Amino acid sequence: MTSGTYSAQMRTEEKIYARKLMAVYAKPFGVLAEHALSDLTAYNTFFDEKQLDTYLSDGIRRILTPSDKLKLTPGGVNRTGMYIASQIRQEMAAHPELCPSVVRDGKRLFTAPDLVQAEQDIVEAAKRMSLRKVPYFRADQDLTDIADDFSVFWNSAQGFSRSKDLDKAMASILEPGDLRLINGPPGAGKSGLCAGLAYCMLAHMDTPPTFITTAPSDKAAAAIHADVQFAASALDDKWPEQSQVQGMPLKDLINRMNEGFVEPGTVIIVDEAGLMGTREMAQFITAADKTHAKLFMLGDNRQIPPLPAGNGFDLIINHVPEASIYNVTRILRQRTPGEAKASSWIREGHAEKALDFYAMQRYPDGSKALRFHDDAKSVYDSLTKDYVEFVTSSDTQSMSSVVLAIDERSAQTLNDELREGLKKAGVIRKARDVYGEGDTVTELGLGDAVMFTGKVAGNDGRNTETVNPGTTARVVDIRGGRLGLMLDGKKKRIYIPEEKSSILRYSWALPLYVAQGVSRDRAFFAIDRSGGLDLAKGLVGFTRHTEQLSAYISREAYPSHKELAKEMSVFSSRKPVIKDYADLKPAERKGSGLAQSIAASFASSDRER
């Protein structure tokens, strides 16, 4: 609604009283506007007038005292709140340097000035790094020969057989430049290429650099470090120091670069770079640029976008023409004939072709890839039964697996179902209540699969080790007020106090966002309701397996795979960046901020707006 509409609905005495409240609460209303700008752009690049008015009117009702509200009717409180909200919005729109906006399809969309600045920082840093063309190798060295040397060593880099595909990819990545993006679908061997990068540099450079690996998630960071370290270790006789690859959490690496502890020329390899929002990417690439590091970022701009606002990886791909981008297209993860092509079809927006294929797919054990059930409860029951049989069968104990859920809500329900089945089967043993901080109670048993939702200091018996959010583990000991946990991937046992159990969640089933970067022999995928899958989420769900996929689908949600394919053909979860709509430039900050500007205006104004 416009201000005029509110004015027409309001009684004269209500309007006079609203303007009095604006003057009395000028400073709190100004602070509320700043909070709106921050909160509404925490996870989204833009917000519209309706979202802003709703946020502001709710905040205004919290600011007003009971005695203020007693002077109005219940309807009057609502009208007054919305009227004041519209006045705050008008003031925000009147200061584009403090509250920038764009117009899209006739609709005004607001954003935050720090996001405008962050996008500008990313673009400028990416351009500078791309234009620094210092060669890695001598002029007489042929890049194709160097790449071929790696393919002989690696023999198969994440499924790449020794072929022209690998040589071409490696030769492109080894071209001069401080910034290189490797963009492609899941399971395309991107991390194997970066392992080759380290091998080629150590084998053929006169003075090889130091290598650092990182990722926005701990799981991806551990995986890329293991791949690169494996390749680098082949040269540890020649370069004992440089072949020791450092793995660092992303935030720690940003801090070390800003503090001057990373040497110029250091090669930094970032996996799952598409999970960095605009603000985090700006911090990272600005620090890498100032350090004069050699930056290699791996990602897929068609997978699930980052949780924070914006998408720094996508911004560089689409808005920095100077950037060197190698697009990997050949999918290698799925080993069953035809399934790699189906993964490509999903990524290209042709989900119907992919699901037509999977509807006909049968595995050696006689099972179908797509399994339809009457409702969500039947999906959970069938998946739980099959998963328990899988993990307890001697025929499949050497195979790895993952259980996937559309989102956090479905994962919680599925975790409860799975745990009940696994307790009955004896996979989870001696379960009991564990009391955490804040009166939380969590049932845990030996063999339980858990994930850390917060950072905690653990002890391995000799040393203290920080465990970061997203790390998964198995419970192996519960006694003496401590929990013993075997960290996945590290095969290392740590202990934490029982009261820290409040930061653990079950991880038998993972929501799709958490499962990005996971690769297992078999995937069990619960598709329990409609509206939860698009191209990006469907791509993750249908590409976690190497050998076998079991998708359990509710007919209440999707009567057939055709309806599911329609939803999976649209990339609806893509997060736009500001430069998709307008080339906004950071405004020079002069004078007061948004809160002060609104407070000054409201305090001094006694006229109708």
Side-chain angles (χ1 to χ4, degrees), residues 1-3 6 18-65 68-69 77-78 80-104 107-122 277-283 306-310 312 575-578 581-582 584-606 609:
M1 286 186 175
T2 64
S3 173
Y6 292 124
R19 304 204 61 74
K20 178 182 177 182
L21 292 173
M22 288 163 58
V24 171
Y25 294 105
K27 288 184 178 180
F29 289 163
V31 172
L32 177 64
E34 282 199 340
H35 286 174
L37 199 59
S38 174
D39 291 349
L40 292 174
T41 60
Y43 300 103
N44 296 289
T45 305
F46 299 104
F47 57 91
D48 59 27
E49 293 183 354
K50 183 178 179 180
Q51 291 170 312
L52 178 58
D53 283 359
T54 300
Y55 182 100
L56 292 172
S57 60
D58 289 345
I60 289 164
R61 284 193 288 271
R62 289 194 298 270
I63 290 171
L64 298 181
T65 65
D68 293 327
K69 297 173 184 177
V77 172
N78 184 59
T80 299
M82 293 301 289
Y83 174 78
I84 297 173
S86 72
Q87 302 304 297
I88 296 174
R89 168 168 47 80
Q90 289 183 32
E91 285 293 331
M92 292 172 72
H95 295 279
E97 76 283 4
L98 302 173
C99 183
S101 64
V102 301
V103 176
R104 178 70 172 175
K107 186 177 182 180
R108 183 161 295 281
L109 301 174
F110 297 94
T111 188
D114 73 308
L115 277 176
V116 177
Q117 182 66 59
E119 284 198 9
Q120 188 75 6
D121 291 344
I122 292 170
T278 295
R279 293 180 176 97
E280 188 172 40
M281 177 64 84
Q283 294 172 4
L307 283 177
K575 287 190 174 182
V577 296
I578 298 167
Y581 300 156
L584 298 183
K585 302 296 183 184
E588 291 186 19
R589 297 297 296 272
K590 296 179 179 179
S592 58
L594 183 62
Q596 293 84 357
S597 295
I598 291 175
S601 177
F602 280 14
S604 63
S605 176
D606 58 359
R609 297 163 191 252

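Worth saying up front: this structure is predicted, and the values here are computed from it rather than measured.
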### Task
I would like to know whether Gln51 and Asn44 meet side-chain contact (heavy atoms from CB on, under 4.5 Å); could you show each step before the answer?
CA-CA 12 Å; Gln51 291 170 312; Asn44 296 289; 6.0 Å; no
Gap separating the [atom1] atom of [X] from the [atom2] atom of [Y], nearest 0.5 angstrom:
X	Y	atom1	atom2	result
Thr111	Ile578	OG1	CD1	3.5 Å
Leu32	Ile63	CG	CD1	4.5 Å
Phe46	Leu40	CZ	CG	13.5 Å
Ile84	Ile60	CD1	CD1	5.0 Å
Glu97	Leu594	CD	CG	9.0 Å
Ser101	Asp48	OG	CG	12.0 Å

Which heavy-atom pair separates [X] from [Y] by the least distance, and what is that distance?
X	Y	value
Thr65	Tyr25	CG2-OH, 3.5 Å
Gly310	Thr278	CA-OG1, 3.1 Å
Gln120	Pro586	CB-CG, 3.8 Å
Ala112	Thr41	CB-OG1, 3.6 Å

Can you check whether [Y]'s main-chain N or O pairs, donor with acceptor, with [X]'s side chain at less than 3.5 Å?
X	Y	answer
Gln283	Glu280	no
Ser38	Glu34	no
Ser57	Gly81	no
Lys575	Pro306	yes
Thr54	Lys50	yes

### Task
Could you pull out all residues at least two apart from Tyr581 that satisfy side chain to side chain donor-acceptor pair (under 3.5 Å)?
none
#### Entry: With sequence neighbours excluded, residues passing side chain to side chain donor-acceptor pair (under 3.5 Å) with Asp58
Arg61
### Query
Which salt bridge (charged side-chain N to carboxylate O under 4.0 Å, His left out) pairs, counting each pair once, include a residue from residues 108-122, with sequence neighbours left out?
Asp114-Arg279
Contacts of type salt bridge (charged side-chain N to carboxylate O under 4.0 Å, His left out), residue [X], not counting sequence neighbours:
X	value
Asp39	none
Lys20	none
Lys69	none

### side-chain hydrogen bond (donor to acceptor under 3.5 Å, both in side chains) between Arg89 and Tyr55, worked out
CA-CA 11 Å; Arg89 168 168 47 80; Tyr55 182 100; over 6 Å; no
### Pro113 vs Leu37 side-chain heavy atoms within contact, under 4.5 Å
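Of all side-chain heavy-atom pairs linking Leu37 with Pro113, at least one is under 4.5 Å.
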### Task
Assign the ring pair Phe47 / Phe110 to parallel, tilted or perpendicular, where the plane angle (0 to 90°) is split at 30° and 60°.
parallel
### Message
Test side-chain contact (heavy atoms from CB on, under 4.5 Å) on Ile88 and Phe602; report intermediate values, then the result.
### Response
CA-CA 9 Å; Ile88 296 174; Phe602 280 14; 3.7 Å; yes
